[in-house]
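Here is the structure we will look at.
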Amino acid sequence: MSSSIEALHRSPGRPRSVEADRAIGEAIVNLLIERGYGEVTIEGVAARAGVAKTTIYRRWPTKALMVVESICTAGKNCPVEAVCYDGSIRPVLIAHLQGLSSSRVTKIIAGLAVEMPHNAELADAVREGLLKPNRAVITAILEEGIASGQLRPDIDLQLTADLLVSPIFFRILVSGAPVGPELAAATVDSVLKGVLAPAVGGEV
């Protein structure tokens with residue numbers, strides 16, 4: 001979660017309950033999968049999570065921010081702030097893309113994508129709180145690949161990041177083809193072939 005969005009949720013007073021946060025997050029994720037964004041309500045979340053509505057109102061100023069933070073928290077898909085690797089970037093990229101393409105995440109993304117063109121607040125929250133941080137992780141991994149000599153120094157980081165995530169989103173939103181763990185490995189191997197440093201050869 002980006003620091004700017006995270007700051008919006010902080011409020012003075014007693015510390016937030018980890019158990020309540022977890023219950024709320026899981027309730028929101030399950031409602032998104034079962035019914036879609038339009039059917040996620042404060043009342044429905046509170047009833048499923050077993051908390052008071054005021055508990056939710058104190059945490060988030062808007063429904064969109066509540067949903068995005070909860071996806072990150074309950075689904076454990078929020079990227080880390082710092083990236084540090086000691087070896088090959090290939091398994092790290094694969095692991096990250098597999099997290100992005102997990103069945104729960106793909107169902108949620110598909111549902112949010114339908115709503116985003118008609119809901120500017122939701123679109124901004126998804127881009128700033130979910131997509132942009134995940135993209136930052138991918139570009140950080142690529143930068144590490146350049147620094148360690150695994151990738152060519154002249155690659156276009158943004159284009160390479162697009163190439164890595166595009167197959168996942170194309171299958172989720174357009175073709176409907178399966179998005180399984182094998183897709184991440186196949187995508188990473190295909191993209192890396194075009195950006196490997198000459199000295200690396202065929203392995204990353």
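The analysis underlying the following values was restricted to heavy atoms, covering all of them including side chains, and did not include hydrogens, waters or symmetry mates. Because the structure is a prediction, the values reported are computed rather than measured.
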Looking at [atom1] of [X] and [atom2] of [Y], how far apart are the two atoms once the value is rounded to the nearest 0.5 Å?
X      : Y      : atom1 : atom2 : result
Tyr37  : His118 : OH    : NE2   : 13.0 Å
Leu32  : Ile108 : CG    : CD1   : 5.5 Å
Leu164 : Ile138 : CG    : CD1   : 6.0 Å

Smallest separation among heavy atoms of [X] and [Y], with atom names:
X      : Y      : value
Ala46  : Ala52  : CB-C, 4.3 Å
Leu142 : Ala161 : CD1-N, 4.0 Å
Leu65  : Ala125 : CD2-CB, 4.1 Å

Open item on the list: So, using salt bridge (charged side-chain N to carboxylate O under 4.0 Å, His left out) as the criterion, who are the partners of Arg127 when residues are at least two apart?
Closed with: none

Heavy-atom check, side chain of [X] versus side chain of [Y], under 4.5 Å:
X      : Y      : value
Phe170 : Val179 : no
Lys63  : Ile42  : no
Val92  : His96  : no
Glu69  : Asp21  : no
Ile146 : Leu157 : yes
Leu131 : Phe169 : yes
Leu151 : Ile89  : yes
Gln98  : Leu183 : no

For [X], all residues meeting side-chain contact (heavy atoms from CB on, under 4.5 Å), sequence neighbours excluded:
X      : answer
Ala95  : none
Ala147 : none
Ser166 : Asp162
Leu163 : Leu159, Val191

Please list all pairs passing the salt bridge (Lys or Arg N to Asp or Glu O under 4.0 Å) test where one or both residues lie in [range], with sequence neighbours left out.
range            : value
residues 167-185 : none
residues 39-48   : Glu34-Arg48
residues 146-161 : Arg152-Asp154

Using side-chain hydrogen bond (donor to acceptor under 3.5 Å, both in side chains) as the criterion, list what pairs up with [X], not counting sequence neighbours.
X      : value
Glu143 : none
Lys132 : Glu128
Gln158 : Arg135

Task: same_hphob_cluster(Leu130, Val114) at 4.5 Å side-chain heavy-atom cutoff - done: no

- [ ] Carefully, step by step, assess Thr139 and Thr160 under the rule side chain to side chain contact (heavy atoms under 4.5 Å, CB included).
- [x] CA-CA 8 Å; Thr139 56; Thr160 305; over 6 Å; no

Task: Test log, rule side chain to side chain contact (heavy atoms under 4.5 Å, CB included), inputs Gln150 and Leu196 - done: CA-CA 6 Å; Gln150 297 175 59; Leu196 288 176; 5.7 Å; no

TODO: Would you list the pairs meeting side chain to side chain donor-acceptor pair (under 3.5 Å) in which at least one residue belongs to residues 185-194, sequence neighbours left out?
DONE: Arg90-Asp189

Task: Short side-chain to backbone donor-acceptor contact, Asn119 and Glu115, under 3.5 Å - done: no

